[in-house]
Number of protein chains: 2
Amino acid sequence: MNVQKSKLYWPPAVTVDAVIFTVQEDDLQVLLIERSNEPFRNYCALPGGFLIKNEPSRDAVARILKDKAGVNNVYTEQLYTFDDLARDPRGHTVTIAYFALVPPTSLKISSSVREHPQLYSVKRLPNLAFDHRKIIEYALGRLRAKLEYTNVVYSLLPKEFTIPQLQKTYEVILGKRLDKRNFAKKFLSLNIVKPLPKKLGGPRRRPARLYRFISPSPQELKKFF
Amino acid sequence: MNVQKSKLYWPPAVTVDAVIFTVQEDDLQVLLIERSNEPFRNYCALPGGFLIKNEPSRDAVARILKDKAGVNNVYTEQLYTFDDLARDPRGHTVTIAYFALVPPTSLKISSSVREHPQLYSVKRLPNLAFDHRKIIEYALGRLRAKLEYTNVVYSLLPKEFTIPQLQKTYEVILGKRLDKRNFAKKFLSLNIVKPLPKKLGGPRRRPARLYRFISPSPQELKKFF
DNA sequence: CCAAAAGTGTTGTGTTTACACCCATGT
DNA sequence: ACATGGGTGTAAACACAACACTTTTGG
(Lines give C-alpha, C1' and ligand atoms only; values in the text may rest on other atoms or scores of the structure.)
Protein backbone atom coordinates (compact mmCIF):
# COMPACT_ATOMS: atom_id res chain seq x y z
CA MET A 1 0.00 0.00 0.00
CA ASN A 2 2.10 2.83 -1.24
CA VAL A 3 -0.09 5.48 0.30
CA GLN A 4 1.29 4.48 3.63
CA LYS A 5 4.77 5.45 2.60
CA SER A 6 4.01 9.15 2.52
CA LYS A 7 6.02 11.26 4.95
CA LEU A 8 2.86 12.77 6.34
CA TYR A 9 0.55 9.83 6.52
CA TRP A 10 1.04 7.64 9.47
CA PRO A 11 -1.62 5.11 10.18
CA PRO A 12 -3.40 5.45 13.48
CA ALA A 13 -4.20 2.15 15.15
CA VAL A 14 -7.76 0.93 14.56
CA THR A 15 -9.78 -0.90 17.16
CA VAL A 16 -13.39 -1.79 17.76
CA ASP A 17 -15.27 -1.62 21.02
CA ALA A 18 -18.64 -3.18 21.71
CA VAL A 19 -21.29 -1.89 24.06
CA ILE A 20 -23.27 -5.04 24.76
CA PHE A 21 -26.57 -4.31 26.45
CA THR A 22 -28.99 -6.68 28.05
CA VAL A 23 -31.94 -6.22 30.38
CA GLN A 24 -31.84 -8.41 33.44
CA GLU A 25 -33.18 -8.13 36.96
CA ASP A 26 -35.19 -5.08 36.03
CA ASP A 27 -32.06 -3.23 35.07
CA LEU A 28 -30.19 -2.28 31.94
CA GLN A 29 -26.78 -3.91 32.02
CA VAL A 30 -23.57 -3.63 30.01
CA LEU A 31 -20.90 -6.24 29.59
CA LEU A 32 -17.46 -5.12 30.77
CA ILE A 33 -14.15 -6.91 30.99
CA GLU A 34 -11.28 -6.31 33.33
CA ARG A 35 -8.16 -5.35 31.41
CA SER A 36 -5.18 -7.60 31.90
CA ASN A 37 -2.73 -5.40 29.98
CA GLU A 38 -1.45 -1.89 30.13
CA PRO A 39 -2.61 0.76 29.65
CA PHE A 40 -5.41 0.85 32.22
CA ARG A 41 -4.47 -2.56 33.57
CA ASN A 42 -7.09 -3.80 36.03
CA TYR A 43 -9.60 -1.19 34.96
CA CYS A 44 -12.94 -2.22 33.61
CA ALA A 45 -13.39 -1.60 29.91
CA LEU A 46 -15.62 -2.43 27.01
CA PRO A 47 -14.76 -5.63 25.23
CA GLY A 48 -12.89 -4.78 22.06
CA GLY A 49 -9.54 -4.88 20.39
CA PHE A 50 -7.46 -4.30 17.30
CA LEU A 51 -8.66 -5.31 13.91
CA ILE A 52 -6.75 -8.24 12.60
CA LYS A 53 -5.31 -8.08 9.13
CA ASN A 54 -7.96 -7.43 6.49
CA GLU A 55 -10.74 -7.85 8.99
CA PRO A 56 -13.66 -5.44 8.58
CA SER A 57 -14.86 -3.92 11.83
CA ARG A 58 -18.16 -5.74 11.61
CA ASP A 59 -16.42 -9.08 11.66
CA ALA A 60 -14.22 -7.99 14.54
CA VAL A 61 -17.30 -7.15 16.57
CA ALA A 62 -18.89 -10.50 15.76
CA ARG A 63 -15.70 -12.18 16.94
CA ILE A 64 -15.80 -10.27 20.21
CA LEU A 65 -19.47 -11.02 20.77
CA LYS A 66 -18.71 -14.67 20.35
CA ASP A 67 -15.64 -14.66 22.58
CA LYS A 68 -16.86 -12.51 25.41
CA ALA A 69 -20.62 -12.98 25.43
CA GLY A 70 -20.97 -16.36 23.75
CA VAL A 71 -23.51 -15.13 21.24
CA ASN A 72 -23.95 -15.13 17.48
CA ASN A 73 -26.36 -13.24 15.32
CA VAL A 74 -27.51 -10.64 17.74
CA TYR A 75 -28.62 -7.14 16.83
CA THR A 76 -25.49 -5.12 16.16
CA GLU A 77 -25.18 -1.58 14.93
CA GLN A 78 -22.27 0.74 14.35
CA LEU A 79 -22.42 3.60 16.78
CA TYR A 80 -19.73 6.18 16.25
CA THR A 81 -16.01 6.41 15.70
CA PHE A 82 -14.02 7.94 18.51
CA ASP A 83 -10.60 9.31 17.71
CA ASP A 84 -9.58 12.02 20.13
CA LEU A 85 -5.82 12.10 20.35
CA ALA A 86 -6.03 11.91 24.11
CA ARG A 87 -8.14 8.81 24.32
CA ASP A 88 -5.26 6.36 24.31
CA PRO A 89 -1.94 7.10 26.00
CA ARG A 90 -0.15 4.91 23.45
CA GLY A 91 -0.88 7.34 20.66
CA HIS A 92 -3.46 7.97 18.01
CA THR A 93 -6.01 5.18 18.19
CA VAL A 94 -9.27 5.24 16.33
CA THR A 95 -12.00 3.06 17.74
CA ILE A 96 -15.10 2.14 15.81
CA ALA A 97 -17.72 1.63 18.50
CA TYR A 98 -20.68 -0.71 18.05
CA PHE A 99 -23.60 -1.51 20.19
CA ALA A 100 -25.26 -4.88 20.47
CA LEU A 101 -28.49 -6.01 22.10
CA VAL A 102 -28.71 -9.46 23.60
CA PRO A 103 -31.69 -11.18 25.20
CA PRO A 104 -30.74 -12.32 28.69
CA THR A 105 -31.69 -15.86 27.76
CA SER A 106 -28.99 -16.17 25.13
CA LEU A 107 -26.10 -14.53 26.94
CA LYS A 108 -23.40 -17.00 27.94
CA ILE A 109 -20.96 -15.36 30.26
CA SER A 110 -18.24 -17.50 31.62
CA SER A 111 -15.93 -16.25 34.29
CA SER A 112 -13.25 -18.54 32.93
CA VAL A 113 -13.03 -16.40 29.80
CA ARG A 114 -9.98 -14.15 29.66
CA GLU A 115 -10.52 -10.83 31.38
CA HIS A 116 -13.65 -12.01 33.22
CA PRO A 117 -16.52 -10.49 31.31
CA GLN A 118 -19.28 -9.45 33.68
CA LEU A 119 -22.51 -7.50 33.57
CA TYR A 120 -22.79 -4.14 35.30
CA SER A 121 -25.85 -2.03 35.77
CA VAL A 122 -25.56 1.17 33.72
CA LYS A 123 -26.64 2.93 36.88
CA ARG A 124 -23.56 1.77 38.75
CA LEU A 125 -20.63 1.75 36.40
CA PRO A 126 -17.12 1.36 37.81
CA ASN A 127 -14.28 3.60 36.65
CA LEU A 128 -13.57 2.79 33.08
CA ALA A 129 -10.52 2.70 30.86
CA PHE A 130 -10.01 5.15 27.99
CA ASP A 131 -13.12 7.11 27.02
CA HIS A 132 -15.33 4.09 27.54
CA ARG A 133 -17.73 5.83 29.84
CA LYS A 134 -18.41 8.39 27.14
CA ILE A 135 -18.95 5.60 24.64
CA ILE A 136 -21.47 3.89 26.90
CA GLU A 137 -23.34 7.13 27.40
CA TYR A 138 -23.46 7.69 23.68
CA ALA A 139 -24.74 4.15 23.16
CA LEU A 140 -27.40 4.62 25.77
CA GLY A 141 -28.64 7.76 24.05
CA ARG A 142 -28.83 5.90 20.77
CA LEU A 143 -30.64 2.96 22.33
CA ARG A 144 -33.21 5.22 23.94
CA ALA A 145 -33.83 7.02 20.68
CA LYS A 146 -34.17 3.78 18.75
CA LEU A 147 -36.66 2.31 21.17
CA GLU A 148 -38.99 5.11 20.24
CA TYR A 149 -39.08 4.70 16.50
CA THR A 150 -38.04 1.13 15.79
CA ASN A 151 -38.90 -2.35 16.94
CA VAL A 152 -35.37 -3.08 18.28
CA VAL A 153 -36.79 -4.11 21.59
CA TYR A 154 -37.38 -7.53 20.05
CA SER A 155 -33.65 -8.11 20.27
CA LEU A 156 -33.63 -7.75 24.05
CA LEU A 157 -36.46 -10.18 24.71
CA PRO A 158 -36.80 -13.93 24.46
CA LYS A 159 -38.81 -15.11 21.45
CA GLU A 160 -41.92 -15.39 23.60
CA PHE A 161 -42.65 -12.69 26.10
CA THR A 162 -45.49 -10.99 27.91
CA ILE A 163 -46.71 -7.41 27.66
CA PRO A 164 -45.57 -6.62 31.19
CA GLN A 165 -42.05 -7.88 30.34
CA LEU A 166 -42.06 -5.73 27.24
CA GLN A 167 -43.21 -2.71 29.16
CA LYS A 168 -40.62 -3.28 31.86
CA THR A 169 -37.91 -3.34 29.20
CA TYR A 170 -39.04 0.04 27.95
CA GLU A 171 -39.24 1.44 31.44
CA VAL A 172 -35.82 0.26 32.45
CA ILE A 173 -34.17 1.70 29.37
CA LEU A 174 -36.07 4.95 29.24
CA GLY A 175 -35.76 5.35 32.98
CA LYS A 176 -39.38 6.26 33.54
CA ARG A 177 -42.63 4.53 34.31
CA LEU A 178 -45.29 4.17 31.66
CA ASP A 179 -49.03 3.79 31.95
CA LYS A 180 -49.90 0.15 31.31
CA ARG A 181 -53.22 0.80 29.59
CA ASN A 182 -51.73 3.26 27.14
CA PHE A 183 -48.69 1.08 26.61
CA ALA A 184 -50.66 -2.02 25.71
CA LYS A 185 -53.04 -0.09 23.53
CA LYS A 186 -50.31 1.59 21.54
CA PHE A 187 -48.05 -1.41 21.21
CA LEU A 188 -50.78 -3.79 20.18
CA SER A 189 -52.11 -1.30 17.64
CA LEU A 190 -48.80 -1.51 15.77
CA ASN A 191 -49.62 -5.06 14.71
CA ILE A 192 -46.06 -6.22 15.05
CA VAL A 193 -46.72 -8.85 17.71
CA LYS A 194 -49.17 -11.68 17.79
CA PRO A 195 -50.69 -13.34 20.84
CA LEU A 196 -50.02 -16.99 21.48
CA PRO A 197 -52.55 -19.37 22.96
CA LYS A 198 -50.26 -19.96 25.93
CA LYS A 199 -49.80 -18.03 29.09
CA LEU A 200 -46.88 -17.56 31.38
CA GLY A 201 -47.39 -18.03 35.07
CA GLY A 202 -45.46 -16.54 37.92
CA PRO A 203 -45.50 -17.16 41.64
CA ARG A 204 -48.72 -16.25 43.29
CA ARG A 205 -50.25 -14.16 40.58
CA ARG A 206 -52.37 -14.17 37.49
CA PRO A 207 -50.47 -15.57 34.48
CA ALA A 208 -49.84 -13.23 31.57
CA ARG A 209 -50.50 -13.95 27.94
CA LEU A 210 -47.48 -14.67 25.75
CA TYR A 211 -46.72 -12.84 22.52
CA ARG A 212 -44.24 -13.19 19.72
CA PHE A 213 -42.94 -10.66 17.20
CA ILE A 214 -44.45 -11.34 13.81
CA SER A 215 -41.18 -10.47 12.12
CA PRO A 216 -38.22 -10.28 14.45
CA SER A 217 -36.04 -8.14 12.21
CA PRO A 218 -35.28 -4.42 12.26
CA GLN A 219 -38.12 -2.12 11.19
CA GLU A 220 -38.83 1.55 11.49
CA LEU A 221 -42.14 2.50 13.02
CA LYS A 222 -44.21 5.64 12.94
CA LYS A 223 -43.48 6.74 16.42
CA PHE A 224 -43.67 5.50 19.96
CA PHE A 225 -43.36 6.90 23.43
CA MET B 1 3.40 1.81 19.32
CA ASN B 2 4.19 -1.77 20.07
CA VAL B 3 0.70 -2.98 19.36
CA GLN B 4 1.42 -2.45 15.72
CA LYS B 5 4.20 -5.02 15.82
CA SER B 6 1.85 -7.92 16.41
CA LYS B 7 1.86 -10.54 13.68
CA LEU B 8 -1.87 -10.30 13.31
CA TYR B 9 -2.50 -6.61 13.58
CA TRP B 10 -1.93 -4.73 10.44
CA PRO B 11 -3.21 -1.19 10.35
CA PRO B 12 -5.79 -0.43 7.72
CA ALA B 13 -5.37 2.98 6.13
CA VAL B 14 -7.62 5.66 7.58
CA THR B 15 -9.20 8.41 5.54
CA VAL B 16 -11.98 10.91 5.93
CA ASP B 17 -14.55 11.89 3.33
CA ALA B 18 -16.84 14.89 3.51
CA VAL B 19 -20.32 15.16 2.10
CA ILE B 20 -20.71 18.91 1.78
CA PHE B 21 -24.28 19.95 1.15
CA THR B 22 -25.65 23.29 0.14
CA VAL B 23 -28.99 24.44 -1.23
CA GLN B 24 -28.73 26.58 -4.31
CA GLU B 25 -30.97 27.22 -7.28
CA ASP B 26 -33.82 25.39 -5.64
CA ASP B 27 -31.78 22.25 -5.50
CA LEU B 28 -29.79 20.27 -2.97
CA GLN B 29 -26.19 20.14 -4.10
CA VAL B 30 -23.07 18.22 -3.06
CA LEU B 31 -19.48 19.25 -3.59
CA LEU B 32 -17.44 16.76 -5.60
CA ILE B 33 -13.89 16.82 -6.85
CA GLU B 34 -12.39 15.12 -9.87
CA ARG B 35 -9.70 12.67 -8.83
CA SER B 36 -6.28 13.31 -10.27
CA ASN B 37 -4.71 10.08 -8.99
CA GLU B 38 -5.31 6.40 -9.25
CA PRO B 39 -7.40 4.59 -8.30
CA PHE B 40 -10.49 5.98 -9.99
CA ARG B 41 -8.50 8.66 -11.75
CA ASN B 42 -10.78 11.18 -13.45
CA TYR B 43 -13.82 9.95 -11.57
CA CYS B 44 -15.76 12.31 -9.41
CA ALA B 45 -15.43 11.70 -5.71
CA LEU B 46 -16.11 13.23 -2.35
CA PRO B 47 -13.40 15.53 -1.09
CA GLY B 48 -11.35 13.66 1.47
CA GLY B 49 -8.04 12.05 2.09
CA PHE B 50 -5.71 10.34 4.51
CA LEU B 51 -5.30 11.54 8.04
CA ILE B 52 -1.96 13.15 8.54
CA LYS B 53 0.15 12.08 11.46
CA ASN B 54 -1.64 12.58 14.78
CA GLU B 55 -4.49 14.39 13.15
CA PRO B 56 -7.94 13.59 14.52
CA SER B 57 -10.57 13.03 11.86
CA ARG B 58 -12.44 16.16 12.90
CA ASP B 59 -9.44 18.31 12.12
CA ALA B 60 -8.90 16.54 8.84
CA VAL B 61 -12.44 17.39 7.81
CA ALA B 62 -12.00 21.01 8.82
CA ARG B 63 -8.87 21.12 6.69
CA ILE B 64 -10.75 19.72 3.70
CA LEU B 65 -13.63 22.13 4.16
CA LYS B 66 -11.17 24.97 4.13
CA ASP B 67 -9.22 23.72 1.13
CA LYS B 68 -12.03 22.60 -1.10
CA ALA B 69 -14.97 24.77 -0.10
CA GLY B 70 -13.22 27.79 1.40
CA VAL B 71 -15.24 27.67 4.61
CA ASN B 72 -14.56 27.58 8.34
CA ASN B 73 -16.87 26.84 11.19
CA VAL B 74 -19.72 25.27 9.37
CA TYR B 75 -22.04 22.62 10.76
CA THR B 76 -20.15 19.32 10.64
CA GLU B 77 -21.22 15.97 11.95
CA GLN B 78 -19.69 12.54 11.84
CA LEU B 79 -21.82 10.25 9.72
CA TYR B 80 -20.59 6.70 9.67
CA THR B 81 -17.43 4.73 9.18
CA PHE B 82 -17.24 2.66 6.04
CA ASP B 83 -14.79 -0.20 5.95
CA ASP B 84 -15.87 -2.88 3.54
CA LEU B 85 -12.81 -4.67 2.28
CA ALA B 86 -13.94 -4.14 -1.27
CA ARG B 87 -14.31 -0.39 -1.10
CA ASP B 88 -10.75 0.44 -2.07
CA PRO B 89 -8.78 -1.64 -4.58
CA ARG B 90 -5.55 -0.72 -2.78
CA GLY B 91 -6.51 -2.72 0.28
CA HIS B 92 -8.26 -2.30 3.57
CA THR B 93 -9.14 1.36 3.93
CA VAL B 94 -11.41 2.69 6.61
CA THR B 95 -13.07 5.99 5.87
CA ILE B 96 -14.71 8.09 8.52
CA ALA B 97 -17.42 9.97 6.64
CA TYR B 98 -18.69 13.36 7.76
CA PHE B 99 -21.37 15.59 6.48
CA ALA B 100 -21.27 19.36 6.47
CA LEU B 101 -23.91 21.97 5.75
CA VAL B 102 -22.91 25.24 4.17
CA PRO B 103 -25.04 28.27 3.38
CA PRO B 104 -24.69 29.13 -0.30
CA THR B 105 -23.57 32.62 0.65
CA SER B 106 -20.42 31.43 2.37
CA LEU B 107 -19.26 28.79 -0.08
CA LYS B 108 -16.13 29.79 -1.95
CA ILE B 109 -15.48 27.39 -4.75
CA SER B 110 -12.57 28.12 -6.97
CA SER B 111 -11.94 26.15 -10.09
CA SER B 112 -8.24 26.84 -9.68
CA VAL B 113 -8.17 24.61 -6.63
CA ARG B 114 -6.62 21.20 -7.22
CA GLU B 115 -9.10 18.63 -8.48
CA HIS B 116 -11.69 21.27 -9.45
CA PRO B 117 -14.28 21.12 -6.71
CA GLN B 118 -17.75 21.67 -8.14
CA LEU B 119 -21.33 21.44 -7.02
CA TYR B 120 -23.63 18.74 -8.38
CA SER B 121 -27.32 18.34 -7.83
CA VAL B 122 -28.00 15.23 -5.78
CA LYS B 123 -30.61 14.42 -8.39
CA ARG B 124 -27.98 14.17 -11.11
CA LEU B 125 -24.85 12.61 -9.69
CA PRO B 126 -22.13 11.43 -12.04
CA ASN B 127 -20.46 8.03 -11.58
CA LEU B 128 -18.49 8.15 -8.42
CA ALA B 129 -15.28 6.62 -7.15
CA PHE B 130 -15.20 4.01 -4.39
CA ASP B 131 -18.45 3.66 -2.43
CA HIS B 132 -19.05 7.38 -2.53
CA ARG B 133 -22.53 7.14 -3.93
CA LYS B 134 -23.54 4.99 -1.01
CA ILE B 135 -22.01 7.51 1.36
CA ILE B 136 -23.95 10.36 -0.21
CA GLU B 137 -27.16 8.41 0.02
CA TYR B 138 -26.49 7.68 3.65
CA ALA B 139 -25.79 11.36 4.30
CA LEU B 140 -28.97 12.38 2.56
CA GLY B 141 -30.99 10.06 4.74
CA ARG B 142 -29.39 11.52 7.83
CA LEU B 143 -29.96 15.08 6.67
CA ARG B 144 -33.63 14.39 5.99
CA ALA B 145 -34.09 12.84 9.38
CA LYS B 146 -32.33 15.69 11.14
CA LEU B 147 -34.41 18.33 9.42
CA GLU B 148 -37.43 16.86 11.13
CA TYR B 149 -36.29 16.94 14.71
CA THR B 150 -33.54 19.55 14.92
CA ASN B 151 -32.95 23.12 13.87
CA VAL B 152 -30.03 22.24 11.53
CA VAL B 153 -31.64 24.08 8.69
CA TYR B 154 -30.11 27.24 10.15
CA SER B 155 -26.77 26.06 8.83
CA LEU B 156 -27.96 26.05 5.23
CA LEU B 157 -29.40 29.56 5.26
CA PRO B 158 -27.87 33.01 5.40
CA LYS B 159 -28.18 34.70 8.79
CA GLU B 160 -31.24 36.59 7.61
CA PHE B 161 -33.82 34.76 5.57
CA THR B 162 -37.50 34.72 4.74
CA ILE B 163 -40.11 32.09 5.52
CA PRO B 164 -40.51 31.18 1.85
CA GLN B 165 -36.74 30.60 1.60
CA LEU B 166 -36.88 28.43 4.69
CA GLN B 167 -39.79 26.46 3.34
CA LYS B 168 -38.08 26.01 -0.01
CA THR B 169 -35.05 24.57 1.77
CA TYR B 170 -37.22 22.01 3.48
CA GLU B 171 -39.02 21.17 0.27
CA VAL B 172 -35.85 20.70 -1.73
CA ILE B 173 -34.30 18.40 0.85
CA LEU B 174 -37.37 16.39 1.68
CA GLY B 175 -38.31 16.22 -1.97
CA LYS B 176 -41.93 17.17 -1.44
CA ARG B 177 -44.08 20.28 -1.35
CA LEU B 178 -45.42 21.57 1.91
CA ASP B 179 -48.46 23.66 2.69
CA LYS B 180 -47.31 27.20 3.38
CA ARG B 181 -49.94 27.98 6.01
CA ASN B 182 -49.17 24.90 8.04
CA PHE B 183 -45.45 25.39 7.56
CA ALA B 184 -45.40 28.97 8.80
CA LYS B 185 -47.70 28.17 11.67
CA LYS B 186 -45.64 25.27 12.90
CA PHE B 187 -42.25 26.85 12.40
CA LEU B 188 -43.15 30.13 14.03
CA SER B 189 -44.73 28.34 16.97
CA LEU B 190 -41.34 26.84 17.82
CA ASN B 191 -40.08 30.25 18.89
CA ILE B 192 -36.65 29.66 17.46
CA VAL B 193 -36.71 32.51 14.97
CA LYS B 194 -37.46 36.17 15.43
CA PRO B 195 -38.81 38.59 12.87
CA LEU B 196 -36.70 41.56 11.86
CA PRO B 197 -38.13 44.96 11.04
CA LYS B 198 -36.76 44.69 7.50
CA LYS B 199 -38.15 43.03 4.46
CA LEU B 200 -36.56 41.45 1.47
CA GLY B 201 -37.78 42.45 -1.93
CA GLY B 202 -37.67 40.51 -5.17
CA PRO B 203 -38.46 41.43 -8.73
CA ARG B 204 -42.08 42.30 -9.30
CA ARG B 205 -43.52 40.84 -6.17
CA ARG B 206 -44.47 41.51 -2.61
CA PRO B 207 -41.42 41.60 -0.37
CA ALA B 208 -41.15 39.00 2.40
CA ARG B 209 -40.33 39.67 6.01
CA LEU B 210 -36.84 38.69 7.16
CA TYR B 211 -36.18 36.46 10.14
CA ARG B 212 -33.15 35.39 12.11
CA PHE B 213 -32.56 32.33 14.29
CA ILE B 214 -32.57 33.35 17.93
CA SER B 215 -29.76 30.94 18.65
CA PRO B 216 -28.00 29.59 15.60
CA SER B 217 -26.55 26.52 17.26
CA PRO B 218 -27.66 22.90 17.21
CA GLN B 219 -30.83 22.09 19.16
CA GLU B 220 -33.24 19.21 19.29
CA LEU B 221 -36.88 20.00 18.80
CA LYS B 222 -40.05 18.15 19.66
CA LYS B 223 -40.91 17.11 16.19
CA PHE B 224 -41.51 18.55 12.79
CA PHE B 225 -42.82 17.44 9.45
C1' DC C 1 -54.34 47.38 -13.66
C1' DC C 2 -52.03 43.04 -13.89
C1' DA C 3 -48.85 39.32 -12.59
C1' DA C 4 -46.55 37.10 -8.97
C1' DA C 5 -45.63 35.65 -4.70
C1' DA C 6 -46.60 36.82 0.50
C1' DG C 7 -49.45 36.38 4.14
C1' DT C 8 -53.05 34.61 7.09
C1' DG C 9 -57.53 31.07 10.18
C1' DT C 10 -60.76 27.61 10.74
C1' DT C 11 -62.53 23.13 10.93
C1' DG C 12 -62.47 18.14 11.08
C1' DT C 13 -59.76 14.09 12.19
C1' DG C 14 -56.67 11.34 14.53
C1' DT C 15 -53.38 10.80 18.31
C1' DT C 16 -51.97 11.21 23.00
C1' DT C 17 -52.68 11.52 27.75
C1' DA C 18 -54.92 10.90 32.10
C1' DC C 19 -57.24 8.07 34.97
C1' DA C 20 -59.63 3.38 38.33
C1' DC C 21 -61.59 -0.87 38.80
C1' DC C 22 -62.17 -5.93 38.33
C1' DC C 23 -59.81 -10.52 37.35
C1' DA C 24 -57.03 -14.80 37.70
C1' DT C 25 -53.92 -17.20 40.12
C1' DG C 26 -51.01 -19.35 44.15
C1' DT C 27 -50.56 -19.73 48.84
C1' DA D 1 -59.55 -15.35 51.84
C1' DC D 2 -56.08 -12.50 50.42
C1' DA D 3 -52.06 -10.66 48.14
C1' DT D 4 -50.06 -9.85 43.76
C1' DG D 5 -49.75 -8.32 39.48
C1' DG D 6 -52.71 -8.84 34.80
C1' DG D 7 -56.01 -6.92 32.10
C1' DT D 8 -59.20 -3.51 30.18
C1' DG D 9 -62.22 1.62 28.27
C1' DT D 10 -63.49 6.36 28.06
C1' DA D 11 -63.19 11.27 27.85
C1' DA D 12 -60.56 15.61 27.35
C1' DA D 13 -56.64 17.96 25.28
C1' DC D 14 -53.78 18.46 21.69
C1' DA D 15 -51.50 18.03 17.21
C1' DC D 16 -52.01 17.59 12.33
C1' DA D 17 -53.98 17.98 7.67
C1' DA D 18 -56.85 20.09 4.48
C1' DC D 19 -58.28 23.97 2.42
C1' DA D 20 -58.92 29.73 -0.41
C1' DC D 21 -58.83 34.31 -0.38
C1' DT D 22 -56.71 38.98 0.28
C1' DT D 23 -52.42 41.88 0.24
C1' DT D 24 -48.29 44.03 -1.47
C1' DT D 25 -45.26 45.11 -4.69
C1' DG D 26 -43.00 46.16 -9.60
C1' DG D 27 -43.78 46.78 -14.12
Side-chain angles (χ1 to χ4, degrees), chain A residues 23 25-27 144-145 147-150 157-158 160-172 174-212 220-225, chain B residues 23 25-26 144-145 147-151 157-158 160-172 174-212 220-225:
Chain A
V23 173
E25 331 234 314
D26 292 352
D27 224 347
R144 284 186 176 138
L147 267 197
E148 311 211 345
Y149 67 94
T150 71
L157 291 167
E160 305 190 342
F161 56 89
T162 66
I163 299 292
Q165 271 175 56
L166 179 65
Q167 180 174 342
K168 195 76 195 174
T169 304
Y170 271 86
E171 290 181 337
V172 157
L174 299 178
K176 65 181 180 203
R177 309 221 47 202
L178 302 170
D179 179 89
K180 64 179 173 172
R181 283 165 293 191
N182 293 337
F183 183 89
K185 194 169 1 134
K186 209 191 272 181
F187 209 96
L188 294 175
S189 76
L190 297 168
N191 292 317
I192 57 173
V193 292
K194 58 167 188 261
L196 302 176
K198 297 177 288 175
K199 302 204 170 187
L200 179 64
R204 197 175 181 164
R205 68 176 182 275
R206 179 176 175 177
R209 158 155 262 127
L210 285 167
Y211 289 80
R212 193 190 272 268
E220 302 240 333
L221 305 170
K222 306 274 167 198
K223 198 167 33 169
F224 256 44
F225 299 100
Chain B
V23 173
E25 332 236 314
D26 292 352
R144 285 185 176 138
L147 267 197
E148 311 210 346
Y149 68 94
T150 71
N151 65 346
L157 291 167
E160 304 190 342
F161 57 89
T162 65
I163 299 292
Q165 271 175 55
L166 179 65
Q167 180 175 343
K168 195 77 197 172
T169 304
Y170 270 86
E171 289 180 339
V172 156
L174 299 179
K176 64 181 180 201
R177 310 221 47 204
L178 301 169
D179 178 88
K180 65 179 172 172
R181 285 166 293 191
N182 292 337
F183 183 89
K185 194 167 3 130
K186 208 192 271 184
F187 209 96
L188 295 175
S189 76
L190 297 169
N191 291 317
I192 57 174
V193 293
K194 57 167 188 258
L196 302 175
K198 298 177 287 177
K199 303 203 171 190
L200 179 66
R204 196 176 181 166
R205 67 172 184 278
R206 178 174 176 179
R209 159 155 262 127
L210 285 166
Y211 288 80
R212 191 191 274 267
E220 303 241 333
L221 305 170
K222 305 274 168 198
K223 196 168 34 173
F224 257 43
F225 299 101

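Throughout, protein chains are lettered first and strands after them, A, B, ... in sequence-line order, and every chain is numbered starting at 1. Note that the structure is predicted; figures quoted are calculated from it, not measured.
Summarising the geometry, the separation between CG on A:L190 and P on C:dT15 is reported as 11 Å, rounded to the nearest angstrom. Whole-Å rounding puts the B:L221 CG to D:dA15 P distance at 14 Å. Straight-line distance from the CZ atom of B:F187 to the P atom of D:dC16: 14 Å, rounded to whole Å. Rounded to whole Å, the distance from CG on B:L200 to C1' on D:dT25 is 13 Å. Taking atom CZ on A:F183 and atom C1' on C:dT16, their separation rounds to 15 Å, with Å as the unit. When rounded to the nearest whole Å, the span between CD of A:Q167 and C1' of D:dG6 equals 11 Å. Whole-Å rounding puts the A:Y149 OH to C:dT15 P distance at 21 Å.
Partners of B:K180 according to the side chain to side chain donor-acceptor pair (under 3.5 Å) rule, which considers only residues two or more places apart in sequence or in another chain, do not exist here. Contacts of B:R209 classified as salt bridge (charged side-chain N to carboxylate O under 4.0 Å, His left out), with partners at least two apart in sequence or in another chain: none. Not counting sequence neighbours, the partners of A:K198 by the salt bridge (charged side-chain N to carboxylate O under 4.0 Å, His left out) test are A:E160. Under the salt bridge (charged side-chain N to carboxylate O under 4.0 Å, His left out) criterion, A:R181 pairs with A:D179, not counting sequence neighbours.
Each end of the helix from C:dC1-D:dG27 to C:dT27-D:dA1 gets its own axis, taken as the rotation carrying the C1' atoms of four end pairs onto the next four within a five-pair window, and the two axes meet at 0° to the nearest 10 degrees.
Of the inter-residue distances, the one linking A:Y149 atom OH with B:Y149 atom OH reads 6.5 Å to the nearest 0.5 angstrom. Atom OH of B:Y170 is separated from atom CG of B:L147 by 5.0 Å, given to the nearest 0.5 angstrom. In this structure, CG in A:L178 is found 10.0 Å from NZ in A:K168, a value given to the nearest 0.5 Å. Here the CG-OG1 distance, from B:L221 to B:T150, works out to 6.5 Å after rounding to the nearest 0.5 Å.
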Q: Any chance you could list the contact pattern along nucleotides 6-14 of chain C? Use B for base contacts, S for sugar-phosphate-only contacts and - for none, protein heavy atoms under 4.0 Å, 5' to 3'.
A: BBBBB----
